[in-house]
Every structure is written in C-alpha cells, then in structure tokens.
Amino acid sequence: MDRLTRRRLTDGMTNELTLVTGATGKTGRRVAERLEQRGVPVRAVSRSAARPFDWADRSTWEGALEGVHRAYVAYAPDLGTSRSVDDLGAFTDRAVSAGVRHVVMLSARTAEAGLSPAEKWVREAEQAVTGRAPSWTVLRPGWFFQNFDEAFFLEAVRAGELALPAGEGLEGFIDAGDIADVAVAALLDEGWAGRHLELTGPELLSFGGAVAAIASASGREVRYVPLGQEEFAAMMAGLGLPEELTALLGDLLGQVRDGGLARLAGGVREVLGREPRSFADYAAAVAATGVWTA
C-alpha cells in the first residue's frame, strides 16, 4: 500500500468510533488522549467509566462495542493466565459481530525460545484475537518505564529499596508514551495490519541499572536487591498478594533474570520514524515532579 492510499484511508477512519479499553491504565489513558487530540471519536472505557467495561463482567461488553469500528484492547489484570485466553476469544467474537473491523492488541514480549508457563498463555491470548479479528495488529512491548512511578514499584522506590527475583538480567524497558504513539499509528493506519510489533527502548538495562538511574535523577538513595524466587514468594505472601499473581510475576521476572528478554527491537523506529525515549530522560522528567520523594 503506497503512502497516498494510506493517507486516504487514515483520513476516512478519523471519523469512525474507536474503543479504548483500560482507559485509566498506563497505555489506554495515553492512547485515548492522543486519539482525542487528533479529533478521532473515542469511547474510553473502564470499570469506573460512564459506560462501564469490565473483563470479569461480560454483560458490560455489548454496550461498550456498540457503533465501534476499531478497538484498542488492553487486557487486565494480566495476559499470562488461562482466563485471558477465554475472555479475549469471547470478546473478539462479540466485537466482530458488533462491526469492529480492526483490533490493536496490547500484548507483551516473550522469550524467543523456551517459553515460560506465563509466556505460553500470552501467546495463546494473542492467537485468541488474531484467529478471529478480520484485521489486527499486536504490540509486544518490554517492561514499562511507568511501572516505577505509576504502578507496581512506586512504593518500593519511595522506600529506598526494590527487591525482585530478576538478578542482573537485561531488559528493553520502554516508555508508555511510545507504546501509545505506536498504538495510535496502528489504529489509524491499517498498513500495520497483520503485524506483531516488538517494542523496546533504545538500550538494555537491568533492574539495578534502572534503579541507579532513578537514584541519580532524584538525588535519593535507592538500591536494588536481587532476590531468589522463594524469598520473593514469601515477601509477596506477607503483602497479601494472591499466590497466582505472585507466581505470574516470579515467572516473568525469572525470564529477565535468565536472559530471555535481553534483546532490543526496532518497532518504535519502524512505525514512528524516530528513536524511542531513553530511560534517563524519563527518570529526569519524573524526578522533577517529586513523585519519588512524596
């Protein structure tokens, strides 16, 4: 498809309603904002939205899908479970019946070989969408920068110590804003249809390296402590986290530790024609807000 044809398709699609699930989440919120800034009609849904959407309550799906032509699908709580496969298959069937033509799915990077149990579920969840949607794009990003200031790791960073079973393994951390920019491009330009786009930042970092960058940017003492899987499980149990979630996190972090994700990908550059944001730039910007010292 040439650039002129793509532009004509994109111009026509900006008047069509786009569903954004997980609209209060790290990527969904950013995708909805970017689409609205471009004048695209958006239905941003979550459990707390005016038109609620809940993965655990299928009765909410029909109202969310009414009149929708494209959808950004971010599954919660996590793809690495058997429930995600069932839910995404059923949702995609309903979306197609409701008239959705193109789905952009937020997935995750996995190892290239020797998939962990959670990673196998991630791949099956992707297939539940790609095997049903008439047109699709799958985004496979690395661990988000924003996990350190908007989610899982924020309180640990504030406390001055992040303890995880990731060893010194390397990961291609990525900014949620870059993911959102790619998602918008994939929603509005179906030239990216049928693609699995792997997305990372511009460098490989260990969790220790990421924490060191945060400490440098914030001027605070923050350290990373590598844990064994049993220590991690005990710590999570002490915090009251469900055993299934603890096992899932340990599984995913174990892949980092074992080097299964120690590779960079060029998806951001390919789609957007620019380099992805660096972790150092992210850390400096977040440190200036004072969130890590609150």
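- With hydrogens and angles ignored, the 3.5 Å screen pairs a side-chain donor or acceptor of R94 with a backbone N or O of R58.
- Of all heavy-atom pairs spanning T246 and M236, the tightest one is OG1-CB, 3.2 Å.
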- Step by step, work out the ring pair (Phe, Tyr, Trp, His ring centres under 6.0 Å) result for F173 and F145. CA-CA 6 Å; F173 296 96; F145 293 174; 7.1 Å; no
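- R140 pairs with exactly one of E112, E198, E126 by the salt bridge (Lys or Arg N to Asp or Glu O under 4.0 Å) rule, that one being E126.
- Proximity of the aromatic rings of F148 and W292 is defined here by a centroid distance below 6.0 angstrom, and this criterion is not met.
- Distance alone, capped at 3.5 Å, places no donor-acceptor pair between the S216 side chain and the A213 backbone.
- No donor-acceptor distance shorter than 3.5 angstrom exists from the side chain of S218 to the backbone of A287, with no hydrogens or angles considered.
- Distance alone, capped at 3.5 Å, places no donor-acceptor pair between the R257 side chain and the L253 backbone.
- A distance-only check finds no donor-acceptor pair linking the side chain of S84 to the backbone of G80 [under 3.5 Å].
- A donor-acceptor pair is defined here as one N or O able to donate and one able to accept, closer than 3.5 Å; no such pair exists between the side chain of T137 and the backbone of H196.
- A donor-acceptor pair is defined here as one N or O able to donate and one able to accept, closer than 3.5 Å; such a pair exists between the side chain of R132 and the backbone of A128.
- For the residue pair T60 and P52, the shortest heavy atom distance occurs at CB-O, 3.5 Å.
- Looking at R158 and E155, a side-chain N of the basic residue comes within less than 4.0 Å of a carboxylate O on the acidic one, giving a salt bridge.
- Interatomic distance, Q127 CD to R123 CZ, rounded to the nearest 0.5 Å: 8.5 Å.
- The shortest heavy-atom contact between A193 and S135 is CB-OG, 3.4 Å.
- Panel note: side chain R30, backbone A176; no donor-acceptor pair is recorded below 3.5 Å.
- The residues R274 and D178 are annotated as salt-bridged, a charged nitrogen and a carboxylate oxygen being separated by less than 4.0 angstrom.
- In this structure the side chain of V157 never reaches within 4.5 angstrom of the side chain of V211, judged on heavy atoms.
- The main-chain N or O of A111 is found under 3.5 Å from a side-chain atom of E119 such that the two form a donor-acceptor pair.
- The list of side-chain hydrogen bond (donor to acceptor under 3.5 Å, both in side chains) pairs with a residue in residues 220-233, not counting sequence neighbours, reads E161-R223.
- Taken from CG in D93 to CH2 in W61, the straight-line distance is 9.5 Å, to the nearest 0.5 Å.
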- Task: List the steps, then state whether side chain to side chain contact (heavy atoms under 4.5 Å, CB included) holds for Y75 with M105.
- Result: CA-CA 8 Å; Y75 183 81; M105 175 189 178; over 6 Å; no
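- Annotation: side chain of L162 is not in contact with side chain of V222 (no heavy-atom distance under 4.5 Å).
- A donor-acceptor pair shorter than 3.5 Å cannot be found between the side chains of H102 and R70.
- Listed here is the closest heavy atom pair of V184 and V31: CG2-O, 4.0 Å.
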